[in-house]
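Because the structure is a prediction, the values reported are computed rather than measured.
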Amino acid sequence: MPGFESDTAAEQRFNVNLSILFTELPLLERPAAAAAAGFTAVELWWPWVDSPTPEQSELDALKKAIEDAGVQLTGLNFYAGQLPGPDRGALSVPGEESERFRANIDVAADFAASLGCRALNALYGNRVEGVDPAEQDALALENLVLAARAADRIGAILLVEALNQPESPLYPLVSAPAAVGIVDRVNEATGLGNAKFLMDLYHLSMNGEDLPQVIAQYADKTGHVQIADNPGRGAPGTGTLPLKELLDQLTKAGYDGWVGLEYKPGDRPSAEAFGWLPREARAAR
């Protein structure tokens, strides 16, 4: 694919999601691999899928790996269950999963703060058979308020993400308006204004949404953007999404935040999956 040069490329800042790229390497080797590929910023899903409260030594080891690599952690998910896997978050799931999410809130916030990370993503969680959706939504709002307050304590934003219906049929937030509606409810409940929309262009395209219209309507409520091409969730240029044009539109609409590379490298090493982005455009400007 030709280079990803665009009208507004100099204003765009990219980071690599180390939970989907460089996963052929052990977790602690991924930050350095991203740096070797020319990137200066990374993001992560909650790395300890079995534990919302890992040992301090594990947290310290990951912090050291990120610092030693010289990259900035720009985004972190709260505990979200088995991800990748069957789960899509924990905060709206009554019982043990909600308790695990709550136990994770300060752990995740403190870890983010220790690395200067200013964005925390809270995945909503799947609908549970036999549980009233209204009960799940009430629990979700309680937990999102707690998460928003923890994010505010460290000077961070709280992100709420829309996923896609085909791949996440039990997840209730499968459109931009659904996710933005939750953002508005959280901000109304806290008065903090730090809840923002995570605009994942791959998920929204899988839902068949009008992406230029979504950008026009919600750019001002967007705190983070993630990209992958569609079909296939591969690198830009492997599918049919006009990602360059969409990112240009976002920039012109006033979005100046990070663009997370959250795509699958395909049947090649992750280091070879960035040919679409000139090396000089990989380091944060």
*Is there a chain of hydrophobic side chains (I, L, V, M, F, W, Y, each step under 4.5 Å between heavy atoms) that links V49 to V93?*
no
*Could you pull out the closest heavy-atom pair between S51 and P54, with the gap in Å?*
OG-N, 3.3 Å
*Any donor and acceptor pair, going by atom type alone, linking the side chain of R30 with main-chain N or O of F22 inside 3.5 Å?*
yes
*Side chain of R233, backbone of N230: donor and acceptor closer than 3.5 Å?*
no
_Taking the ring of F39 and the ring of F14, is the distance between their centroids below 6.0 Å?_
no
*Under 3.5 Å, is there a donor-acceptor pair linking the side chains of Y171 and E161?*
no
*Side chain to side chain, P94 and V131, heavy atoms closer than 4.5 Å*: yes
*Take Q82 and D50, measure what side chain to side chain donor-acceptor pair (under 3.5 Å) needs, and give me the verdict at the end.*
CA-CA 7 Å; Q82 296 290 324; D50 295 320; 2.8 Å; yes
_Give me the atom names and distance for the closest heavy-atom approach of S270 to E24._
N-OE2, 2.8 Å
*Is atom CD of Q56 surrounded by more than 12 heavy atoms (other residues, nucleotides or ligands) closer than 6.0 Å?*
yes
*Is T40 reaching over with its side chain to a backbone N or O of A284, donor-acceptor style, under 3.5 angstrom?*
yes
*asked:* Return the CG to OG1 distance between D106 and T53, rounded to the nearest 0.5 Å.
replied: 12.0 Å
*asked:* Looking at every heavy atom in both A119 and A156, which two are closest together, and how far apart are they?
replied: N-CB, 4.0 Å
*asked:* Can you confirm whether more than 12 heavy atoms, excluding those of Q213, are under 6.0 Å from its CD atom?
replied: yes
_Side-chain donor or acceptor of R102 paired with backbone N/O of N143 under 3.5 Å_ = no
*Check step by step if side chain to side chain contact (heavy atoms under 4.5 Å, CB included) holds for L91 and L144.*
CA-CA 8 Å; L91 62 91; L144 285 166; 3.8 Å; yes
*Worked check of side chain to side chain donor-acceptor pair (under 3.5 Å) between D137 and S92*: CA-CA 6 Å; D137 290 339; S92 68; over 6 Å; no
*L27 side chain reached by L44 side chain, heavy atoms, under 4.5 Å*: yes
*asked:* Any carboxylate oxygen within less than 4.0 angstrom of a Lys/Arg side-chain nitrogen, looking at R153 and D110?
replied: yes
*Are the side chain of Y255 and the backbone N or O of W258 linked by a donor-acceptor pair below 3.5 Å?*
yes
*side chain to side chain contact (heavy atoms under 4.5 Å, CB included) between I182 and L173: does it pass, once the steps are laid out?*
CA-CA 9 Å; I182 299 298; L173 308 183; 3.8 Å; yes
*What distance separates M199 CE from L159 CG, expressed to the nearest 0.5 Å?*
12.0 Å
*What is the minimum heavy-atom distance between V42 and N15, and which atoms define it?*
N-CB, 3.9 Å
_A side-chain contact here means heavy atoms from C-beta on lying under 4.5 Å apart; do R282 and F274 qualify?_
yes
*Is there a donor-acceptor pair closer than 3.5 Å between any side-chain N or O of S19 and the backbone N or O of W45?*
yes
*Output yes when a side-chain donor or acceptor of N194 lies under 3.5 Å from a complementary backbone atom of A148, and no otherwise.*
yes
*So which heavy atom on S168 is nearest to which on V174, and how close?*
O-CG1, 4.1 Å
*At their closest point, which heavy atom of P47 faces which heavy atom of L62, and how far apart are they?*
CG-CD2, 3.8 Å
_Regarding Q165 and N207, do their side chains bring together a donor and an acceptor under 3.5 Å, going by distance alone?_
no
*Indicate yes or no: at least one non-hydrogen side-chain atom of L158 is less than 4.5 angstrom from one of V186.*
yes
*What's the spacing between H203 NE2 and L198 CG if we round to 0.5 Å?*
8.5 Å
*State whether the side chain of Q226 and the backbone N or O of V259 hold a donor-acceptor pair below 3.5 Å, judged by distance alone.*
no
*asked:* Applying side chain to side chain contact (heavy atoms under 4.5 Å, CB included) to F197 and V160, what does each step give before you reach the verdict?
replied: CA-CA 5 Å; F197 175 43; V160 177; 6.0 Å; no
*Nearest 0.5 Å please: distance from the CD1 atom of I157 over to the OG1 atom of T222.*
9.5 Å
*Do the non-hydrogen side-chain atoms of N121 and L76 ever get within less than 4.5 Å of each other?*
no
*Do you know which of Y124, Y79, F78 makes ring-ring contact (aromatic ring centres under 6.0 Å, His included) with F101?*
F78
_Can a donor-acceptor pair be found, under 3.5 Å and without considering hydrogens, that links the side chain of S205 to the backbone of Y202?_
yes
_I'd like to know if E245 and K252 make a salt bridge, using a cut-off of under 4.0 Å between side-chain N and carboxylate O._
no
*Side chains of T251 and Q12: do they bring a donor and an acceptor to under 3.5 Å?*
yes
*Residue pair D200 / I227, side-chain heavy-atom distance below 4.5 Å*: no
*asked:* Quick test of your reading of the model: are R100 and E97 salt-bridged, counting only N-O distances below 4.0 Å?
replied: yes
*Carefully, step by step, assess I154 and L120 under the rule side chain to side chain contact (heavy atoms under 4.5 Å, CB included).*
CA-CA 10 Å; I154 66 162; L120 290 159; 4.0 Å; yes
_For D256, give me all partners under side-chain hydrogen bond (donor to acceptor under 3.5 Å, both in side chains), at least two apart in sequence or on another chain._
none
*Could you give all pairs that pass the salt bridge (charged side-chain N to carboxylate O under 4.0 Å, His left out) test and reach residues 61-84, with sequence neighbours left out?*
K63-E67, K64-D68
*Note, D210 side chain near V214 side chain (heavy atom, < 4.5 Å)*: no
*Quick one: does R88's side chain have a donor or acceptor within less than 3.5 Å of a partner on R127's backbone?*
no
*asked:* Do P236 and K244 make a side-chain contact, defined as non-hydrogen atoms from C-beta onward lying under 4.5 Å apart?
replied: no
*Would you give the length of the straight line joining atom CG of L123 to atom CG of L163, rounded to the nearest 0.5 angstrom?*
6.0 Å
*For the atom pair CG (L201) and CD1 (I215), what is the distance rounded to the nearest 0.5 Å?*
5.5 Å
